[in-house]
Each structure stands twice: as structure tokens, then as C-alpha cells.
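Throughout, protein chains are lettered first and strands after them, A, B, ... in sequence-line order, and every chain is numbered starting at 1.
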There are 2 protein chains.
Amino acid sequence: MATRTRRSDALSRERIVDAAVEVLDASGESGLTFRVLTERLATGAGAIYWHVANRDELLGAATDGVVAAALADRPSAGSPEEELRAVGLRLFDAIDDHPWLGTQLGVQMSRSPTGPTTPRLVEAFGRPIRDLGVPEPAWFTATTTVLSYVLGAAGQNAVNGRAGGGGLGRAEFLDATAAAWEALDEDGYPFVRRVARQMRGHDDQEQFLAGLDLVVGGIRAAHPPER
Amino acid sequence: MATRTRRSDALSRERIVDAAVEVLDASGESGLTFRVLTERLATGAGAIYWHVANRDELLGAATDGVVAAALADRPSAGSPEEELRAVGLRLFDAIDDHPWLGTQLGVQMSRSPTGPTTPRLVEAFGRPIRDLGVPEPAWFTATTTVLSYVLGAAGQNAVNGRAGGGGLGRAEFLDATAAAWEALDEDGYPFVRRVARQMRGHDDQEQFLAGLDLVVGGIRAAHPPER
DNA sequence: AAAAGTTTGGAACGGCGCTCCAACCGTGTC
DNA sequence: GACACGGTTGGAGCGCCGTTCCAAACTTTT
């Protein structure tokens, strides 16, 4: 085995992934460069490449690491509905803490769906859906639907997290977007102009949970619990 | 005014965006480089930069162009439910024709939500939701929920389109993924192992529509039409 | 026909991901 | 205790990227 008596400053895949997450948190996806990484780890590019195949794999490992941590030791609270909200909220909070995660989830799951992240999420959302009383033939559809919603919402809320774009706070950003929507022409965008109001001052997490409830409600409506 | 008597080989933002879409279709997002673009348009980088600010803006313009084309001249068919399916299907087909679109939609909408694509999609999905009889205060939540689902499903199905990864057909790819899921350990992934079967031989479009129906059903259940 | 303004093409720059390889380190052999 | 060996390191260097800059070319105005 490799890891017996190693130098205290030994490099490892884990140390590299941890450093990558820190850099991503601080500087976003485009900020994760090998130059920054080698400086932070006080090493060279070659050493990193001995542990990690390439940048994409590193991004995938960082994504999976954060997701795994977010879903770890769930206390499996109460009813299936509550469990679904709990899992969704864990993920939502993780994206809030790591803004790059929202976009990366979508990218990684389509770039390498064979990776560990997809089954992790399917398991986390699938179990409570099973417990909801959904008949087995509908499990796959119901689970991927919830997952699609969560990933879509994640991608849209990715920008929210910390800075809403250019140093503005979230409220100012929502206000600016609402104003832009209201400035569209009435003929082409009557609906957008009407809903623009509702964007101001809405709470992202509340919104996310309300959407999740709608989706879960649709699943329940399609598969009413037998009695 | 600029465009009066112009040379026949004149460059224009439109010609550039069209070329970008062709390159993206042929080589994916990473294949869109300025070297390829200058060769295809028989020009230099500077000429392109005079019409387009940078690569991100070009990607955004390509995305919006394809979305706008996909949603153009909708015949506004039948019931609100049918309309929602029709709009969803337009988008699904567009992603099928332009595999890069699935990922880009998520990325672009979070990178520049002020762009034209977001209101375009909100209007397209919002109108039939309004016509569904959803009360106005719930319009925003209902619309963003549908939009999140569609964008999430788009991102996941992005890989599907043409090549399922490495020259394999879609069926072989699904089969390989199902096998990988079934090889997970029973303790950690009982649900994933059970649903793996359902992944083989499923139809992506059917799946997408079934999920959309679930979401729309949830909206209808939450806001039953007054009578 | 000259001047002014618009549009073009390509050379050049800094930074990126990645490869390659000489040196280094801990371990097993005699 | 010397030695050889394979796992590990660090950094120089390569080719490509997005972007900038600017002289030349083309159009329009004077």
C-alpha cells in the first residue's frame, strides 16, 4: 500500500480536491486554474496530475465531494414529504454555500452521468418517493422529474448565492431584473410584464420549496395512496 | 446607417451567430474557437470582435437565436395543457437538434439572466399557465417551477441527442449506465438498484413529457379550476 | 479628389491545460 | 551501510486559447 509512512506534506487526491473546493468558493469556476492550485498546495502541476486525470475530473470530484457532504447522515425525518423537503433543502443550502455548484451539477451530470453523483442524488430523492406510496413502475419517472426540477432550480439560483452580479445585493438585482421585464413591449410580453412585480422581494428558498411542493403534489395526485 | 451598399462578403452579427451555431452543432461547446470561426468566415479575429463583445456573448446569442427560432410562430394549439406540452416539445426537439443547448440554457440563464432568453421562456410557458386558471398571485411560482423542470430535464438530456458518449448509440449507453447502477452495493443504493431496470429502453421524449405532465398536474391540483 | 469614418484581417500577448522528465524519497535487498 | 528500484514530486516547455491592437482597406461625406 502507498500510504504508510509518508512525508507530512504529502499530496493526496483528498487534499487536492479540498483545495479545489476552497478555490472554487473564493473565485468561481473560472478561478480554478492549475497555477492557483499549485501555488496554494506549494507544488507543481505534474504532482497534481499524478493524482487527478485532468481539470474536468477535478471539477467532478469537487462537485461530488460537496454533494456527498451535504447528503451525509440525514436523520431521515418524519413523513416522505418532509424527507423530500429536507433533502431538497440540504442541496439548496449547499448551493448557497458553494455558488459554483448550481451550474456544475447540471454540467457534470450530463458530462459524466456514470459518475457517483447521479446515483447519490437518485437514491436520496428516490427513497422518500418510494415511501410516498408511488407504485414501482412509476418510480423512475417520478424520481427523475423531481431531480430535473431540483437541478433546474439549482442552475437558475446559482447566480443568487452571494453576489447577484457586480457587487449588487440580491434585492437590488431582483429589482433591476424586474425593471427590465417591465420595460419589455406589451404586445410581445404581456405575461412577463405582469409577473415582474412578483419577482421583487421574493425569497429564493421559499420559492424553491414551493416549487418542490408543487412537483411532489403532482406525483401524489397522479398516484393517490391506496386505501 | 451602416447597411446600405455593402460588399457582398460583408460580415454581420447575424452571419457570425449563424456560423457559431453550425460550429456548435458540429463540435460542441469546446469546439467553438475563434480560430475555427475565422477560418469558416474567412476573416480575422478582430473583424469578429467588432461585431461581438466576446465568446460568452456569442454563446448567449447563439443560444437565444436557437430558442427564439424554436418558439417562433406557435399555432397556440388547443387547451392550456396541450399548449404546455407543445412548447415543451419544441424546446425538447431544439435540444435534440443542438445538443449543446441543454447545458448552455442553464449556464446562460444563470450567467446573464437579464438577457432576452429568460423572458422569452417565461412568456412561452407563462401564458398557458395563466390560461390554466391559476390565480395571479401564483403565476410566478408556477411558471418558474415549470421552467426549472424543463431546464433541468434539458441539462440531463443534453448528453442524449446524437452520440451517447464515445460512439455508442443511445440504447447501449443506457444499458451501460443501468449496469453500472446495478453494480452498486445493496446497502447504500437499494433504490438505485431497483430502478436501474426502468432506465433501459425508456424513451427520452416520452419521459420528458411524462415529467412535464406531473408538474402541470401538481399545479392544477394546487389550484383547482373554480367552478 | 481628398478627408473622415467604418470595417477588416492578422500579428502579438499573456494565460491556460497538459505533457514530459530529471530529481527525489522511502523501502526492500544483500 | 551501500545499492537499486518504483512510487512521487516540481517545474520547464508546448500548443492552443481568448483577446487586444493597429495598419490597411473600403465607404461615405465634404
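Ring orientation note: the planes of Phe140(B) and His202(A) are nearly perpendicular, at an angle over 60° on the 30°/60° scale.
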Problem - Steps toward side-chain contact (heavy atoms from CB on, under 4.5 Å) verdict (Thr63(B), Trp100(B)) - result: CA-CA 9 Å; Thr63(B) 301; Trp100(B) 50 275; 3.8 Å; yes

Problem - Candidate pair Arg193(B) and Asp185(B), rule salt bridge (Lys or Arg N to Asp or Glu O under 4.0 Å), full reasoning - result: CA-CA 8 Å; Arg193(B) 286 169 55 110; Asp185(B) 70 302; over 6 Å; no

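Separating the CD1 atom of Ile48(B) from the C1' atom of dC21(D) is a distance of 16 Å, rounded to the nearest angstrom. Between Trp50(A) atom CH2 and dC21(C) atom P the separation is 18 Å, expressed in whole Å. Between Ile16(A) atom CD1 and dG10(D) atom P there is a gap of 10 Å when expressed in whole angstrom units. Atom C1' of nucleotide dC17(D) and atom CG of Leu37(B) are separated by 13 Å, given to the nearest angstrom. Between Glu39(A) atom CD and dG10(D) atom C1' there is a gap of 14 Å when expressed in whole angstrom units.
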Exercise for the section: Assign a letter to each nucleotide of nucleotides 10-17 of chain C from its 5' end: B, base within under 4.0 Å of a protein heavy atom; S, sugar-phosphate only; -, no contact. Expected result: B-----SS

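Taking the six-membered ring wherever Trp is involved, the centroid distance between the rings of Phe125(A) and Phe191(B) does not fall below 6.0 Å.
Under a 3.5 Å cut-off, the side chain of Arg55(B) and the backbone N or O of Leu32(B) do form a donor-acceptor pair.
Applying the salt bridge (Lys or Arg N to Asp or Glu O under 4.0 Å) criterion to Asp18(A), with sequence neighbours excluded, gives no partner residue.
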